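The block underneath contains the structure these notes are about, expressed in structure tokens.
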Amino acid sequence: GSCVSVGPTTEKYFSKYFNSAVVEHNMKWGPFEENNGELAREQVNQARRLGAIYIRGHVMIMDYPKTGKGTVLLPDDLVANYDNEAYVDERVKNWIYRVSDDFAGEIYEWDVANELVGKEEKSTGSIYANMGAEYYNKIYKWAREVNPESKLFLVEGRRIFDTQKK
């Protein structure tokens with residue numbers, strides 16, 4: 001697979017070497033809402049045009065509000081309402097259903113959550129820290145409801161186990 005980006009290098013080499021793609025940054029909640037999913041749609045269409053058979057969506061929940069450069073990953077209204085579980089439920093579920101519906105029949109693998117380890121402190125502004133680890137049961141339930149045949153993943157870049165223990 002390949003992470004899809006639009007440009008001449010992609011045009012030249014993608015179909016020669018790859019049959020799958022990951023739509024990464026523009027599939028994240030903040031960037032997706034910023035342009036109503038237009039850039040994600042453009043990347044999916046380009047991957048298809050270049051011959052991608054398999055497309056993976058990354059990521060439904062990137063669990064921190066903003067990147068170090070200020071890119072919004074979780075909407076401000078969501079973060080401001082962690083004390084209102086009904087609001088959070090509606091917002092998160094609607095997001096999962098929206099992005100899934102927008103790419104129904106095109107994306108059969110979803111990175112549902114990304115980088116949860118290390119988000120335990122409420123100061124991180126994460127769903128994990130503010131709603132609890134068990135909240136991810138709801139997130140995966142909604143992802144499964146709307147994507148019954150898809151593979152669902154948790155992506156973690158940090159070490160999640162102690163390699164020193166035998």
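Everything numeric in this text was worked out from a predicted model, so none of it was measured. FYI, side chains are in, hydrogens and waters are out, and symmetry mates aren't considered; it's all heavy atoms of this structure.
Side-chain atoms of Tyr128 do not come within 3.5 Å of backbone N or O of Tyr64 as any donor-acceptor pair. Remark: the backbone N or O of Gly37 is paired with a side-chain donor or acceptor of Asn35 at under 3.5 angstrom. Side-chain atoms of Arg48 come within 3.5 Å of backbone atoms of Ile53 as a donor-acceptor pair (strictly under, hydrogens ignored).
The pair Lys138-Glu134 does not meet the salt-bridge criterion, since no charged nitrogen lies less than 4.0 angstrom from a carboxylate oxygen. A salt bridge is defined here as a Lys NZ or Arg NE, NH1 or NH2 lying under 4.0 Å from an Asp or Glu carboxylate O, and Asp111 with Lys28 fails to meet this definition.
Tyr108 and Trp110 are assigned to two separate hydrophobic clusters, defined by single-linkage of ILVMFWY side chains at heavy-atom distances under 4.5 Å. Tyr13 and Leu50 fall within the same hydrophobic cluster, where Ile, Leu, Val, Met, Phe, Trp and Tyr residues are linked whenever their side-chain heavy atoms come under 4.5 Å apart, directly or through other members. Leu39 and Trp95 sit in two unconnected hydrophobic clusters of ILVMFWY residues. Membership requires side-chain heavy atoms under 4.5 Å apart, directly or through other members. A continuous path of Ile, Leu, Val, Met, Phe, Trp and Tyr side chains, each step under 4.5 Å between heavy atoms, connects Tyr17 with Phe14, placing both in one hydrophobic cluster. Linking Ile, Leu, Val, Met, Phe, Trp and Tyr whenever their side-chain heavy atoms come within less than 4.5 Å leaves Val79 and Val72 in two separate clusters.
Other residues, nucleotides and ligands contribute over 12 non-hydrogen atoms within 6.0 Å of the OH atom of Tyr87. Heavy-atom neighbours of Glu33 CD from other residues, nucleotides or ligands within 6.0 Å: above the threshold of 12.
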Worksheet item: What do the steps show when you test Trp29 against Val92 for side chain to side chain contact (heavy atoms under 4.5 Å, CB included), and what is the final call?
Response: CA-CA 10 Å; Trp29 195 347; Val92 172; 4.0 Å; yes

Fill in: CA sep, side-chain torsions, deciding dist, call: Val88, Met131, side chain to side chain contact (heavy atoms under 4.5 Å, CB included)
CA-CA 9 Å; Val88 174; Met131 303 303 293; 4.2 Å; yes

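Here the side chains of Ile61 and Asn114 are not in contact, with every heavy-atom distance at 4.5 Å or above. Side-chain contact between Phe103 and Ile55 is absent, with no heavy atoms from C-beta onward closer than 4.5 Å. Between Met62 and Thr71, every side-chain heavy-atom pair lies at or beyond the 4.5 Å cut-off. Side chains of Val59 and Val155 form no contact here, defined as non-hydrogen atoms less than 4.5 Å apart. For the pair Ser126/Glu115, no side-chain contact is recorded, criterion being any heavy-atom separation below 4.5 Å from C-beta on. Side-chain contact between Tyr135 and Asp89: present, with at least one pair of heavy atoms (C-beta onward) separated by less than 4.5 Å. Using a 4.5 Å heavy-atom threshold, the side chains of Lys66 and Leu74 count as separate. Put simply, the side chain of Glu109 does not reach to within 4.5 Å of the side chain of Ser150, judged on heavy atoms.
Residues Asp63 and Tyr136 bring a donor and an acceptor atom of their side chains to less than 3.5 Å of each other.
In this structure, Gly57 and Ile107 approach most closely via the heavy-atom pair N-CG2, 3.5 Å. The two residues Ser100 and Met60 come nearest to each other via the heavy atoms OG-CE, 3.4 Å.
Partners of Glu145 according to the side-chain hydrogen bond (donor to acceptor under 3.5 Å, both in side chains) rule, which considers only residues two or more places apart in sequence or in another chain, are Tyr97, Lys141. A search for salt bridge (Lys or Arg N to Asp or Glu O under 4.0 Å) contacts involving Arg41 returns Glu106, not counting sequence neighbours.
Taking CG of Leu78 as the reference point, atom CG of Leu73 lies at 12.0 Å (rounded to 0.5 Å). One distance of note links CG of Leu154 with CD1 of Ile139; it measures 11.0 Å at 0.5 Å rounding. Met27 CE to Gln43 CD: the interatomic distance, rounded to the nearest 0.5 Å, is 8.0 Å. In this structure, the separation between CG on Asp77 and CZ on Arg91 is 4.0 Å, given to the nearest 0.5 Å. Here CG of Asn81 is found 11.0 Å from CG of Asp76. Values are rounded to the nearest 0.5 Å.
A cation-pi contact links Arg56 to Phe153, judged by a cut-off of 6.0 Å to the six-membered ring centre and 45° from its axis.
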